**Q** 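Before we start, here is the structure in question, set down as structure tokens.
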Amino acid sequence: MASIPLSPGASAAPASPASPDDGAPFDPAAMPDARKYLIFAVMAFGQFMALIDIQIVAASLNEVQAGLSAGPDEISWVQTAYLMAELVMIPFSAFLAQALSTRWLFAASAALFTIASIFCGLAWSIESMILFRAVQGFVGGAMIPTVFATGYMLFEGKQRAMIPAILGMVSVLAPTLGPTVGGWITDAMGWRWVFFINVLPGAIVTFAVLALVRIDRPNLPMLRRIDWVHLASMAVFLAGLEFVLEEGPKHDWFSEPEIAIGAWLSFVAFGLFLERSFRSEGPIVKLTPFRKPTFVFACVFNLVIGFGLYASTYLVPIFLGRVQGYNAAEIGTTVFVSGLAQLLGVPIAAALSQKVDQRIVITFGLSLFAVGLWMFSFMTPEWGFAALFWPQVVRSFAIMLCIVPSVGLALGNFEGPELRYASGLFNLMRNLGGAIGIALVNTWLGDNLRLHMLRLSEALGRSADAANEAAAGLAQHIGRTVSDPALAQQMAEGMLGRIVGREALTLAFDDVFRLMAYLFLAALVMVPFCKPPPIGGPAPADAH
């Protein structure tokens, strides 16, 4: 791997470990392996903190709502505000990393994330909570792409092949464990500790980064050249898009004026963002990585992977809660197997990426993920831990075989500042895929539920005698404990309606998983068009 001058004016002095005070280019070979591993571990843990906080509040929203006297429509903004702000920071972090240096950006991000967590825990109203969550998401978002870029700077050859495996595991494990961990903390200590729990690890990450990470130098004059119009247009575009995707399914999409206005503002801002990207003298996000076709395909893969990862992780707990009636602890125990399967997939995916063409690995991963989703499409209302075990194992193992080669395809041909921009754009695609996925599966679920309710109602109408006989049998059974025959009949009809609704909802879940499986199979069409970097080797020298 060639030396990487990360700022203009870096001298061509002999390679030595970089420090913020010298002008030597950063040479990873001059840094001891132990120090590189420690730097990477600290930064990966910071990324884990930022990612797990997306979902750690999910299991505690009812308690937060009660504690802050918030309305049902207001409480969803605790999640939406975090996601909107994080989405804006992820692509912006490449610019900030060059201007401030990796050391100071990551340390500032971890420190401000910790402070924002304290204020979230001290929130006195729903408005203050939403504000502090937005700050928390914005500052935490810088840690996610920065650690990807740093990992690719620190390591090369076979060591580099482990980077996407480890960070892929973090990216998948954090949102999977988030609701479970949040539920445990809330039950044990109260909902405010969901935020206070970040204080100690956040402080450790901050001071460890300041002490260890010295791999590039700041370029502070860049801060005077910020294109504020470019930044504002990107913020409106991404935040508006996230708002539409989060709130759209809840309010029948564009029939709600606020959703329509948000979509229009996002569309206009996107046009302005593109104009400034190509014409600005100092763009805050460079789209030059999209010149490489393989990077484009890798980003589409990551969009699909984000769709499948976040949507399937979202759907299984919803099924267990709404169909099986599981509480948070029971849901956490049932889905915990997903995390174990992901851990199992990490070394296998990393080893395959070093020895096998990445296109073959991602073909197998996408196909296996589709098989896992297809296995979910045969669910019945009785499915619990045992029935869900193998579908979860197959899906969760397969996701590592998707993520690892897609990261290699995306980032393996970049170095220097362009690597930072590629990392930001690539990670943005995964989050966008997750937002699009959750919005679409909510819409599909509602549409298919109505369709199956209609079909089951029609079927009951055609078999009125059988339905009446079933209702009479239920009424007779209830009549053993209820003396009023009319009340028993009414209760029997209500129970029959709930059974029909439960069956219709299960069929709707089956349809959604089947549609997602088709999406992953469709993504296979792009694989032959990718041109991967050399297996287990450094990026090409002309990759700048």
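Bear in mind the structure is a predicted one, so any value in this text is a computation, not a measurement.
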**Q** Is any side-chain heavy atom of F95 less than 4.5 Å from a side-chain heavy atom of L231?
**A**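 The answer is no; the side chains never approach within 4.5 Å.
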**Q** Evaluate the side-chain proximity of I305 to F369: yes if any heavy-atom separation is below 4.5 Å, no if none is.
**A**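 No, too far: nothing below the 4.5 Å cut-off.
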**Q** Without swapping roles, check the side chain of S109 against the backbone of V139 for a donor-acceptor pair under 3.5 Å.
**A**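 At least one qualifying donor-acceptor pair exists.
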**Q** Could you measure the distance from the CG atom of L265 to the CG atom of L241? Nearest 0.5 Å is fine.
**A**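 L265 atom CG to L241 atom CG measures 12.5 Å (nearest 0.5 Å).
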**Q** Kindly state each residue pair satisfying side-chain hydrogen bond (donor to acceptor under 3.5 Å, both in side chains) with at least one member in residues 197-210, sequence neighbours excluded.
**A**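 Qualifying pairs: D53-N198, S117-N198.
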**Q** Return the CG to SG distance between L366 and C402, rounded to the nearest 0.5 Å.
**A**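 Interatomic distance, L366 CG to C402 SG, rounded to 0.5 Å: 4.5 Å.
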**Q** If every non-hydrogen atom of V361 is compared with every non-hydrogen atom of P405, which pair is closest and at what distance?
**A**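 Looking at all heavy atoms of both residues, the shortest contact is CG1-CG, 3.8 Å.
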**Q** Supply the atom-to-atom distance F119 CZ to L122 CG, rounded to the nearest 0.5 angstrom.
**A**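 Reported value, rounded in 0.5 Å steps: 7.0 Å.
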**Q** Just so I know, are the side chains of V285 and M234 near enough to count as touching, which here means a heavy-atom distance under 4.5 Å?
**A**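 In short, these two side chains touch, coming nearer than 4.5 Å.
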**Q** Just do the side chain to side chain contact (heavy atoms under 4.5 Å, CB included) check on M43 and T102 with the steps written out, would you?
**A** CA-CA 10 Å; M43 295 181 71; T102 301; 3.8 Å; yes
**Q** Does R103 use its side chain to pair, donor to acceptor, with the backbone of L210 at less than 3.5 Å?
**A**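 Confirmed, R103 side chain pairs with L210 backbone.
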**Q** To check you understand the geometry: which heavy-atom pair defines the closest contact between L87 and L238, and what is its length?
**A**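 Taking L87 first and L238 second, the nearest heavy atoms are O-CD1, 3.4 Å.
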**Q** Are S338 and R395 close enough that a side-chain donor and a side-chain acceptor fall under 3.5 Å?
**A**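 Looking only at side-chain atoms, R395 and S338 do form a donor-acceptor pair, the distance falling under 3.5 Å.
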**Q** Look up atom OG1 in T288 and atom CZ in F290, then write down how far apart they are to the nearest 0.5 Å.
**A**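 Between atom OG1 of T288 and atom CZ of F290 there are 9.5 Å.
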**Q** In the structure I gave you, are the side-chain heavy atoms of T114 and V205 within less than 4.5 Å of one another anywhere?
**A**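 Result no, sub-4.5 Å side-chain heavy-atom pair not found.
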**Q** Going by heavy atoms in the side chains, are R133 and F138 under 4.5 Å from each other?
**A**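 Contact flag for R133/F138 side chains = no.
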**Q** Hey, what do you get for CZ (F106) to CE (M143), rounding to the nearest 0.5 Å?
**A**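 The distance works out to 5.5 Å.
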**Q** Taking the side chain as C-beta and beyond, is there a heavy-atom pair between F426 and F295 under 4.5 Å?
**A**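 Touching, per the 4.5 Å side-chain cut-off.
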**Q** Main chain of V229, side chain of R276: is a donor-acceptor contact present, judged purely on distance under 3.5 Å?
**A**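 No, the answer is negative, given that no donor and acceptor are paired below the 3.5 Å cut-off.
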**Q** Donor-acceptor pair, distance only, cut-off 3.5 Å: does the side chain of N427 make one with the backbone of S423?
**A**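 It does hold such a pair.
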**Q** Report the C-alpha separation of S233 and F270 in whole Å, then their side-chain angles, then the decisive distance to 0.1 Å, and conclude whether the side chain to side chain contact (heavy atoms under 4.5 Å, CB included) test is met.
**A** CA-CA 7 Å; S233 62; F270 177 62; over 6 Å; no
**Q** Just by modelled atom types, is the A99 backbone N or O under 3.5 Å from a matching donor or acceptor in the N219 side chain?
**A**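 Pair absent, no side-chain N/O of N219 close to backbone of A99.
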**Q** What's the shortest heavy-atom distance between A44 and V147, and which atoms?
**A**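 Of all heavy-atom pairs spanning A44 and V147, the closest is N-CG2, 3.7 Å.
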**Q** Go through the side-chain N and O atoms of S93 and R420 and say whether any donor and acceptor fall under 3.5 Å apart.
**A**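 On atom types as modelled, these side chains do not qualify, holding no pair under 3.5 Å.
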**Q** Can you find a pair of side-chain heavy atoms, one from I90 and one from P145, that are under 4.5 Å apart?
**A**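 The answer is yes, as the side chains (C-beta and beyond) meet within the 4.5 Å cut-off.
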**Q** If I compare all heavy atoms of A50 with all of E86, which pair ends up nearest, and what's the gap?
**A**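 Looking at all heavy atoms of both residues, the shortest contact is O-OE2, 4.1 Å.
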**Q** Could you check if a side-chain atom of F45 sits within less than 4.5 angstrom of a side-chain atom of I204, using non-hydrogen atoms only?
**A**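 No, their side chains stay 4.5 Å or more apart.
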**Q** Could you tell me which non-hydrogen atom of L100 sits nearest to which non-hydrogen atom of P218, and how far apart they are?
**A**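 The answer is O-CB, 3.5 Å.
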**Q** Using the side chain to side chain contact (heavy atoms under 4.5 Å, CB included) rule, take M89 and I144 through it: C-alpha gap first, then chi angles, then the decisive distance, then the call.
**A** CA-CA 10 Å; M89 173 54 87; I144 297 169; over 6 Å; no
**Q** Is the distance between the ring centroids of W191 and F196 less than 6.0 Å?
**A**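 Not close enough - the centres of the two rings lie 6.0 Å or further apart.
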**Q** Which residues satisfy the side chain to side chain contact (heavy atoms under 4.5 Å, CB included) test with A269, sequence neighbours excluded?
**A**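 Only V236, F237 meet the side chain to side chain contact (heavy atoms under 4.5 Å, CB included) criterion with A269.
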**Q** Show, in sequence, the C-alpha distance, side-chain angles and deciding distance for F195 and M129, and conclude whether the side chain to side chain contact (heavy atoms under 4.5 Å, CB included) test is met.
**A** CA-CA 11 Å; F195 303 104; M129 172 63 81; 3.7 Å; yes
**Q** For F267, look at atom CZ and say whether over 12 heavy atoms of other residues, nucleotides or ligands are found less than 6.0 Å away.
**A**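 Not buried by this count: 12 neighbours or fewer within 6.0 Å.
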**Q** Could you grab the distance from atom CG of L303 to atom OG of S406, nearest 0.5 Å is fine?
**A**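 Between L303 CG and S406 OG, I get 11.5 Å after rounding to 0.5 Å.
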**Q** Quick check: closest heavy atoms across V337 and Q392, and the distance to 0.1 Å?
**A**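 Reported closest heavy-atom pair: CG1-NE2, 3.4 Å.
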